[in-house]
Each structure stands twice: as structure tokens, then as C-alpha cells.
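Reckoned from all heavy atoms, side chains included, excluding hydrogens, waters and symmetry mates. In this text the structure is predicted, and so the values were computed from the model without any measurement. Both ligands and their constituent atoms are indexed starting at 1 by order of listing.
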Amino acid sequence: MSKPIVIANWKMNLSVTQSGKLAQAMRDLLADEINSEVVICPSFTSLSDVAKVLSGSLIRLGSQDVFWEERGAYTGEESPKILEEIGCKYAIIGHSERRQYLGETDEISHLKVKASLGYNLNPILCVGETYAERNQGQADNVIFRQVVRALSGIDITPNQQLVIAYEPVWVIGSGRPIEPKEAQHAINLIYQAVLDFWPSVIIKNNVRIIYGGSVDSGNAGEFVSLDHLAGFLVGGASLKEEEFLKIIKLI
Ligand code: PGA
């Protein structure tokens, strides 16, 4: 079984200098062996600097997005090959902020998941319903659809890792996560959906389902005992090294 995973999503919050400093602070704090895999996802412009800071440490590097082609006329996009070359091991795909502001679809997530796996980038696929979808009783349908459309036809081999982050959209950045029992419901749904895709040994060893959305050191403990929960995707609370470390230690 793979270790739990705790992922820092710094979004567009830090300068290159600030990113390097925070990565160094986290590296210093996480010098000892830890129970979980820890991943830091800085902005694209900070990746190279953060890669140098993290080199030789226990902390892995991830990107906040990835394009599905290796090279070509795709202005503004980032190649999975180049992300691999600078040391990324993970790539966030289908984050709700990209779905909301940039019109990313399930079909785009599918292309990105497929491309990432081809370049040794482990996908962190984000799924989750909006407040309106939840109010309309559509939450389960939306989560199921996002998982199935992104992952249908995708092969996971024993040397690859897939992370699926359940992030209810309206609680992201709100300071209040959803109730753990509601997260459990969504996690069970995702678990059931992936059972149809791969043999259980692959799901056990290579697929992790995590929760994201206003996770902090004060509430993470309420989620850690949920069935099939294997970690957290952390935004705001990953911008302070001590706070992030506390979350890591809870799992
Ligand atoms: P948050 O962000 O922890 O600040 O809610 C999580 C995310 O968007 O991945």
C-alpha cells in the first residue's frame, strides 16, 4: 500500500523568491523521516528554483497544471516532458479554479491525465461539485461524471501513481471544510467508480483518494480516519511551514 500523501498547492500566491524561501523552510522542518509523501506545487515560474531547493530531500515537486502535447504551437502551455525534465513528479489536473476561470472540461482532464502518465508525472486529478450543483441534488452525478470521463480508458501500471482529490468547490478557501461524513460519502463514490477501472491490487497500491478544501491543522484530524482517505490537498494552510507540518503529522 502506498504512503498517505499531503500536497501543498501554493496557487498564484508567492513570488519566486518567496517560493524558494518557503520550500527551504519546509525542507529544514521535514528533514526527518516522515510517514507520508509530501509534494509541493509552486507556480510554473518558481518550479526551477524550488526544484533546486528540494533536490536530494524527501519532498517531491509537482506542477499546478500540464498540457497534453509534448511540444508545438501551444502558446502559454507547459509540456509534460519539460516538467519531467525539471524534476516534477506530480501534476495537478482539473483543479476547480481552472474549470471555473479557464473553461477546462472533463475531456481536457482526460487528455492531461493520459499525457502525464506518459511522462512519469503522476496525476493529481481534482473533482468536486459546485454549491449550485449540490443544491440541485447533482453532487453525486457530477463527481461520478468527472471521475469516469477523466479516467475511462486510462491504464495504471505498477510503477505509476494516481491521486484523486475530492474538493467540494464552495468550501475551497472558505476557512470551513465540509463535514467529514459528507466527505466520506464522496470518497466512497469515487472508490466505487475506480473499482470498475483497475484490478483491486492496482487500486490498493497505486491509487490514492484524498480530500481538499479548507484543510488546516485544526480540522485535518477529523478526516484522517475516513475509509479510503489517503491524504490531503492543501491550499491556504500550505503557505505557512509550521501549519503545513502540523497537518502532515496528523496523518
Ligand atoms: P484551500 O485550497 O485549502 O485554500 O481551500 C485547496 C485547493 O484549492 O486545492
Side-chain angles (χ1 to χ4, degrees), residues 4-14 18-19 22 26 36-44 46-47 50 59-66 88-104 109 112-113 116 121-131 133-134 139 142-143 146-147 150 162-180 182-183 186-187 190 208-224 226 229-251:
I5 187 165
V6 185
I7 302 162
N9 178 7
W10 288 351
K11 308 192 180 185
M12 204 178 69
N13 285 310
L14 302 175
Q18 288 169 331
S19 300
L22 185 55
M26 289 188 177
S36 349
E37 193 173 358
V38 175
V39 183
I40 292 179
C41 302
S43 61
F44 279 135
S46 303
L47 279 171
V50 172
I59 307 175
R60 312 262 194 159
L61 187 67
S63 62
Q64 294 179 16
D65 187 30
V66 57
C88 287
K89 298 280 181 249
Y90 285 87
I92 296 176
I93 292 171
H95 191 281
S96 63
E97 286 148 15
R98 297 198 63 82
R99 293 181 193 255
Q100 184 183 350
Y101 302 122
L102 294 145
E104 291 209 0
S109 292
K112 291 181 173 182
V113 168
S116 300
L121 283 175
N122 298 309
I124 302 161
L125 173 69
C126 300
V127 300
E129 78 287 2
T130 63
Y131 192 61
E133 288 162 343
R134 187 176 190 85
V142 169
I143 297 164
Q146 289 176 340
V147 170
L162 169 73
V163 179
I164 305 172
Y166 170 58
E167 296 205 304
V169 177
W170 82 96
V171 305
I172 293 176
S174 71
R176 285 192 61 183
I178 59 164
E179 289 296 319
E182 293 182 87
I187 288 162
I190 295 167
R208 282 170 288 184
I209 304 172
I210 65 175
Y211 170 75
S214 293
V215 172
D216 63 26
S217 63
N219 59 45
E222 295 167 29
F223 290 84
V224 289
L226 297 185
L229 183 98
F232 296 112
L233 178 54
V234 188
S238 72
L239 296 168
K240 295 194 190 103
E241 66 273 19
E242 300 278 0
E243 174 68 4
F244 190 53
L245 181 71
K246 282 187 198 159
I247 297 170
I248 293 166
K249 286 193 165 161
L250 282 167
I251 195 141

S.K.: Which class fits the ring pair F223 and Y211: parallel under 30°, tilted 30 to 60°, perpendicular over 60°?
M.R.: parallel
S.K.: Spell out, as yes or no, whether a donor-acceptor pair under 3.5 Å connects the side chain of N9 to the backbone of L233.
M.R.: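 Flag not set: sc N9 to bb L233 has no pair under 3.5 Å.
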S.K.: Short N/O distance, under 3.5 Å, between G236 and ligand 1?
M.R.: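 There is such a contact, yes.
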S.K.: Got F232 and L250 here, is their nearest side-chain heavy-atom distance under 4.5 Å?
M.R.: no
S.K.: Which of the atoms in ligand 1, numbered in the order shown and given with their element, are less than 4.0 Å from a heavy-atom of E167?
M.R.: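 Per the distance check, 6 (C), 7 (C), 8 (O), 9 (O).
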S.K.: Could you say whether the N/O atoms of G173 and ligand 1 ever approach to under 3.5 Å?
M.R.: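 Checking ligand 1 against G173, an N or O pair does fall under 3.5 Å apart.
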S.K.: Which ligand 1 atoms does G213 reach within 4.0 Å, using its non-hydrogen atoms?
M.R.: 5 (O)
S.K.: For G235, is at least one N or O under 3.5 Å away from an N or O on ligand 1?
M.R.: yes
S.K.: Could you give the distance from CG (N122) to CD1 (I93), rounded to the nearest 0.5 Å?
M.R.: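 One gets 10.0 Å once the value is rounded to the nearest 0.5 Å.
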S.K.: For A237 and ligand 1, answer yes if some heavy atom of the residue is under 4.0 Å from a ligand atom, otherwise no.
M.R.: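 Under 4.0 Å: no for A237.
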S.K.: Which residues pass the side-chain contact (heavy atoms from CB on, under 4.5 Å) test with V169, not counting sequence neighbours?
M.R.: S96, T130
S.K.: If hydrogens are left out, which of Q64, E97, K11 has an atom nearest to atom 8 (O) of ligand 1, that is, the closest non-hydrogen atom?
M.R.: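 Nearest option to atom 8 (O) of ligand 1, by heavy atoms: K11.
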S.K.: Which of the atoms of ligand 1 are close to L233, meaning less than 4.0 Å from one of its heavy atoms?
M.R.: 9 (O)
S.K.: Only heavy atoms of S214, strictly under 4.0 Å: list the atoms of ligand 1 that pass.
M.R.: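 Those atoms are 1 (P), 3 (O), 5 (O).
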S.K.: Salt bridge (Lys or Arg N to Asp or Glu O under 4.0 Å) with R60: which residues, sequence neighbours excluded?
M.R.: E37
S.K.: Got a second to check how far E243's CD is from I248's CD1, nearest 0.5 Å?
M.R.: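 Here the rounded value is 10.5 Å.
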S.K.: Under 4.0 Å from any heavy atom of N9, which atoms of ligand 1 are there?
M.R.: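 Answer, ordered by atom number: 9 (O).
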S.K.: Just how far is it from atom OG of S46 to atom CG of L14, taken to the nearest 0.5 Å?
M.R.: 7.0 Å
S.K.: Short list, please: which atoms of ligand 1 are under 4.0 Å from a heavy atom of I172?
M.R.: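 By the 4.0 Å cutoff, the relevant atoms are 2 (O), 5 (O), 8 (O).
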